[in-house]
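As C-alpha cells, the structure follows; a few thoughts come after it.
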Amino acid sequence: MTEPGAYGGPTALRIMLGVHLRRLREDAGVTRSDAGWAIRGSESKISRLELGRVGFKVRDVDDLLTLYKLDDPEERDRLLTLAREANNPGWWQRYDDLTPAWFHSYLGLEMAADLIRTFELQFVPGLLQTPEYARAVVQLGQQDQPLSRAEQDRLISLRMSRQEVLTRQRPARLWAVVDESVLRRPIGGVKVLRAQLEFLLEASRRHNVTLQIIPFEKGGYTSTGGAFTLLRFNDADLPDIVYIEHLTSAVYLDKREELDTYAVTMDAVSITAAQPRETEALIRRAIEATDNY
C-alpha cells in the first residue's frame, strides 16, 4: 500500500481507502447491509464509501476495521491516517465557486495519475494550453453567463496549476492524440493560435509528453463519440478511470469492460495518428498556415 499523502489529493486517497475497506469486508464475510448497520448507515452508504465517492468519518472507519477484525495495529493505524488525510481539502477547492462539483473529482484524479492518455477533437488538451489560449476557451464556454476578468483569471490560474502535474518531481506522463483540425482552429484569434502552436512544439519535446496528430489526409478513423481521457495510476489499489466530459456533467467509467473498450479505441486512434517523430513537422505546417488566415 502506498504511504498516505504520497499522491497529495483526497480523491485518490478516498478511492484507495475504499478499495481496502471492500477487500477487508469481503475477506471477513460481512455484507454491505451489516457493515452499514455497524456505522449507523445504509448499504448504499457502504457502497459509496467503497467507491471513494464520499468523505470518511474516522470513527466510521475505526468501527468498520473492528467489525472486519483487523488486528494488525500498524495496518490499522495506516488506514486511519489515510481516512484523516482523505478528508483534507485539495488545493483546487479554492476554485469551488467557479467550477462544477462534478469536475472536482477529476482534478484530484488527474493530480494522482501516473499516465494520462487523452484524445481531443476541438481544443488543445488543457495540460498543454497557453494562458491566452486557455482564456479564449474559457470565454467560449461562458457565453451565456460571462465571467468577470478576475473570475477568468482565476480559472486560468487553475488550469496553469494543473499543468504542474507534468513538471513536478515525479511528473505524470501525458500521451495526447489530437485531430489536425485542433491545430488549425483559430481559438482566440490567429496570434493566440500561433503562440499556442509554438508552445506545443516545445512541449512535445519533453521526455514525459507524447503528442500525436491525426492528419487530414488520414481520412476517417475509429469513431470515439468525442473527446475522452484515460487515467492510469502507479498503485494497484487505484483502478484505471475513463473521464468523459459533457456540457453540464461528466462520466467516470471504471468497469473492466468499459475500460477495455476505451483502451482499444485509444490504441486505435494512436495507430491511425502520425508517429510522434512526425509531430514537429505537422505543427510547423500548421504554423505556416496561419500566415494565410
_Going by the rule salt bridge (charged side-chain N to carboxylate O under 4.0 Å, His left out), which residues pair with D97 if we only count those two or more places apart in sequence or in a different chain?_
R154
Find out if a path of hydrophobic residues (ILVMFWY) with successive side-chain heavy-atom gaps under 4.5 Å connects [X] to [Y].
X    : Y    : result
W102 : L231 : yes
I271 : W175 : no
L140 : V192 : yes
L67  : L80  : yes

With a 4.5 Å heavy-atom cut-off, do [X] and [Y] have their side chains touching?
X    : Y    : result
F228 : M266 : yes
D27  : Y68  : no
P239 : I15  : yes
Q122 : V182 : no
R232 : L259 : no
I213 : L211 : yes
R162 : L127 : yes
I39  : V61  : no

If we count only N and O atoms by modelled type, under 3.5 Å, do the side chains of [X] and [Y] hold a donor and an acceptor together?
X    : Y    : result
D267 : S270 : no
E43  : W37  : no
S33  : T31  : no
E132 : Q196 : no

Return the [atom1] to [atom2] distance between [X] and [Y], rounded to the nearest 0.5 Å.
X    : Y    : atom1 : atom2 : value
L174 : E110 : CG    : CD    : 9.0 Å
Y106 : I241 : OH    : CD1   : 10.5 Å
R135 : L147 : CZ    : CG    : 10.5 Å
I287 : E280 : CD1   : CD    : 9.0 Å
D179 : T272 : CG    : OG1   : 11.0 Å

*Could you go through the side-chain hydrogen bond (donor to acceptor under 3.5 Å, both in side chains) check for Y262 and D240 one step at a time?*
CA-CA 11 Å; Y262 277 91; D240 291 356; over 6 Å; no
*Check step by step if salt bridge (Lys or Arg N to Asp or Glu O under 4.0 Å) holds for R78 and E75.*
CA-CA 5 Å; R78 184 164 11 181; E75 182 68 3; 3.4 Å; yes
*Parallel under 30°, tilted from 30 to 60°, perpendicular over 60°: which one fits the rings of Y133 and F123?*
perpendicular
*Should the ring pair Y252 and Y243 be called parallel, tilted or perpendicular, given that the plane angle runs from 0 to 90° and is split at 30 and 60?*
tilted
_Working note: S148 + Q152, criterion side chain to side chain contact (heavy atoms under 4.5 Å, CB included); need CA distance, chi angles, decisive distance, verdict._
CA-CA 6 Å; S148 68; Q152 290 180 20; over 6 Å; no
Determine the minimum heavy-atom distance between [X] and [Y], stating which atoms define it.
X    : Y    : result
L109 : F233 : O-CE2, 3.3 Å
A203 : L128 : CB-CD2, 3.8 Å
I244 : A227 : CG2-O, 4.0 Å

*Should R40 and D60 be marked as a salt bridge (Lys or Arg N to Asp or Glu O under 4.0 Å) after you check the CA-CA gap, both sets of side-chain angles, and the distance that decides it?*
CA-CA 9 Å; R40 302 153 295 280; D60 287 346; 3.4 Å; yes
*Atom CD of E217: over 12 foreign heavy atoms under 6.0 Å*: yes
*asked:* Checking salt bridge (charged side-chain N to carboxylate O under 4.0 Å, His left out) between D114 and each of R170, R168, R173, which is the one that passes?
replied: R173
*Knowing that exactly one of R22, R25, R14 qualifies, which makes a salt bridge (charged side-chain N to carboxylate O under 4.0 Å, His left out) with E50?*
R25
Qualifying residue for side chain to side chain contact (heavy atoms under 4.5 Å, CB included) with [X], from [options]:
X    : options                : result
L200 : V209, L282, L183, T130 : L183
L64  : L24, I46, L70, L79     : I46
R76  : D62, D71, T81          : D62

*Where the side chain of S249 meets the backbone of H246, is there a donor-acceptor pair that is under 3.5 Å apart?*
no
*Look only at the side chain of Q129 and the backbone of R159, and say whether a donor-acceptor pair between them is shorter than 3.5 Å.*
no
*Could you list all the side-chain hydrogen bond (donor to acceptor under 3.5 Å, both in side chains) pairs where at least one residue sits in residues 183-192, not counting sequence neighbours?*
E180-R184
*Ion pair check, R256 and D260, cut-off under 4.0 Å*: yes
